[in-house]
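Chain A is the first sequence line, chain B the second, and so forth, proteins listed ahead of strands; every chain is numbered from 1.
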2 protein chains.
Amino acid sequence: MTPTCFKREGQACIACHVGRRSDWHDLDQPASALLASGRRRREYGSGELVFTQGEPNDGVHCVSGGTVGIRRLDEKGNSVLLELAYPGDTIGYRSFLTGSEHKTSAEALGPSVVCHIDRVTIAALLGGNPALGLRFLKRSIGELEHAHDMIFRQATLSNRHKLVHLLLVLVVRHGRLNSNGAQSIDLPVSRRDLASMVGTRHETISRIIGRLETDGVAHFSGRQVTIPSVDALAAEIDCLI
Amino acid sequence: MTPTCFKREGQACIACHVGRRSDWHDLDQPASALLASGRRRREYGSGELVFTQGEPNDGVHCVSGGTVGIRRLDEKGNSVLLELAYPGDTIGYRSFLTGSEHKTSAEALGPSVVCHIDRVTIAALLGGNPALGLRFLKRSIGELEHAHDMIFRQATLSNRHKLVHLLLVLVVRHGRLNSNGAQSIDLPVSRRDLASMVGTRHETISRIIGRLETDGVAHFSGRQVTIPSVDALAAEIDCLI
DNA sequence: GCACAAAATTGACGATCATCAACGACGATC
DNA sequence: GATCGTCGTTGATGATCGTCAATTTTGTGC
């Protein structure tokens with residue numbers, strides 16, 4: 001699971017198996033050298049901020065290991081977790097391209113590794129590699145359609161169904177098959193963040209979790225979730241009749 | 001209000017005052033000529049579909065007049081109005097750039113004029129004008145941040161506050177100042193669509209409207225809304241204490 | 001003008017939610 | 001080890017919402 005490049009500081013993203021799935025995988029030789037010299041790897045502890053909402057952009061970041069949460073805050077202390085970023089995902093590119101301050105914060109959810117590429121390097125790379133800009137465009141479109149899916153679910157699903165959907169999404173990235181055939185998830189987020197992703201309060205999430213427990217479709221113990229049958233859970237969303 | 005180019009069929013977007021605010025405003029001479037030959041203007045009646053979710057992409061569209069709703073549907077008949085597109089906005093570019101079928105439907109909300117640019121023309125324009133791709137990227141990023149705003153509001157605001165926010169947004173595009181200083185809006189959408197944008201049911205929207213009426217902050221008569229004081233309405237969202 | 005379909009409103013009821021409060025568990029810090 | 005703050009859970013209560021149903025209004029086509 002851990003990329004080999006974690007241990008080799010000077011290695012180029014292009015040779016990193018994470019990098020091969022990233023936006024930077026098919027740069028030409030000089031561009032790759034430029035990227036190797038202009039990027040900095042850094043490890044983040046759980047809860048550390050990669051960048052902060054409202055601060056000026058200082059280049060783009062690429063997740064290399066772990067999970068990074070993209071969060072939006074307001075003046076009243078409300079916090080909503082908008083996206084989760086995984087190895088290979090480029091983050092912070094929007095404020096770079098629009099030349100504005102960060103509209104969201106990026107926070108390591110658990111120990112993570114993130115590369116940073118400074119403004120001049122990324123600008124030079126974009127100028128010499130038109131395909132890179134196109135890849136940012138595709139990424140942006142993908143995120144936009146993901147956001148539209150989210151808005152659609154927020155408007156049409158009940159809170160319980162939204163939580164079930166979220167669990168099913170988290171299974172893909174964080175799930176592991178148990179010996180008895182059940183799926184287990186180590187949740188990367190707190191109950192409060194879970195609540196913000198569903199669009200409700202944390203007390204309500206607690207109660208919905210309680211109902212999922214009594215219904216026997218999922219068992220929660222701290223941040224560990226066990227799902228006896230993923231199919232049974234998925235059936236909740238499909239078969240509403 | 002009506003652009004002069006509405007009456008001149010053969011005119012280039014570059015000379016249209018709508019076009020000057022669109023993604024196509026600073027093309028060079030040959031590109032402009034290519035655009036003029038490859039685009040088709042068409043008028044749409046209220047409720048007519050510009051493109052349909054699930055169908056293959058056949059180029060991009062540019063709104064020239066009226067209002068176009070971007071809608072997502074599911075198998076169970078649920079419908080959510082995700083965005084409103086106005087003159088100057090390019091729509092349908094996402095499925096073109098990703099080479100996929102349309103993920104949303106576009107519907108004229110009232111009489112509208114929309115230009116269509118076929119696939120080969122837009123591909124040629126993109127190849128010869130790198131700035132055009134960059135503009136699509138900026139548009140996509142803008143829509144993404146708009147979607148994030150929406151997700152944040154869906155998660156943090158009450159239904160009443162969401163409706164108030166929606167009214168305040170609609171004032172900008174559809175409002176007109178009354179003689180007595182009040183603002184009037186001709187809503188471009190039905191109550192059902194209003195409900196989908198707020199993320200609730202149309203019966204609930206009816207009741208919230210009733211409460212806004214009794215509170216005297218807005219008066220509804222069919223699709224016409226009168227707001228005595230926009231500031232008083234805006235104060236509802238800011239001052240929650 | 002009439003008929004029909006769709007939209008919008010209103011009522012009633014049970015389900016769900018937000019809020020406030022209290023409490024225990026946990027981790028960080030000194 | 002003691003303290004503090006955060007997180008998570010649970011209870012109680014009033015408010016809001018979803019659903020079903022009945023009704024009125026609106027709009028459209030003939």
Gap between atoms CG and P, on L109(A) and dC7(D) respectively (whole Å)
13 Å

So which atom in H116(B) and which in D58(B) form the shortest heavy-atom distance, rounded to 0.1 Å?
NE2-O, 2.7 Å

Answer for the Watson-Crick or wobble partner of dC30(C), both distances under 3.5 Å, is dG1(D)

Could you check whether Y86(B) and H174(B) have their ring centres less than 6.0 Å apart?
yes

I need the CZ-P distance between R192(A) and dG8(D), as an integer number of Å.
7 Å

For the CG atom of D118(B) and the CZ atom of R39(B), what is their distance to the nearest 0.5 Å?
12.0 Å

So, is T200(B) close to the dG18(D) phosphate, meaning a side-chain N or O under 4.0 Å from OP1 or OP2?
yes

Rounded off to whole Å, could you give me the NZ-to-P distance for the K76(A) and dT19(C) pair?
12 Å

Would one find a side-chain N or O of R211(B) under 4.0 angstrom from OP1 or OP2 of dC17(D)?
yes

Measure the distance from CD1 on I205(A) to C1' on dC17(C) and round it to the nearest whole Å.
12 Å

Pairwise distance CD(E145(B)) to OG(S140(A)) - rounded to 0.5 angstrom:
9.0 Å

The side chain of E203(B) is closest to which nucleotide in this list: dC20(C), dA21(D), dC17(C)?
dA21(D)

Might you confirm whether atom CZ of R40(B) has over 12 heavy atoms from other residues, nucleotides or ligands at distances under 6.0 Å?
no

Report the distance from atom CG of L194(B) to atom P of dA7(C), rounded to the nearest whole Å.
14 Å

Rounded to the Å, how far apart are L212(A) CG and dT16(C) C1'?
15 Å

Nearest to the side chain of I208(A), which nucleotide is it out of dA7(C), dC17(C), dG8(D)?
dC17(C)

Where the side chain of R207(B) is defined as all heavy atoms beyond and including C-beta, which of dT10(C), dC17(D), dT19(C) is the nearest nucleotide?
dT10(C)

Shortest side-chain distance from T204(A), nucleotide among dG18(D), dC17(C), dA7(C):
dC17(C)

Select one nucleotide: of dA8(C), dA18(C), dG18(D), the one nearest the side-chain heavy atoms of R201(B).
dG18(D)

Does N159(B) have a side-chain nitrogen or oxygen under 4.0 Å from the phosphate oxygens OP1 or OP2 of dC17(D)?
yes

Rounded off to whole Å, could you give me the CZ-to-C1' distance for the R223(B) and dA8(C) pair?
11 Å

Rounded distance (Å) that lies between atom P of dT10(D) and atom NE2 of H202(A):
14 Å

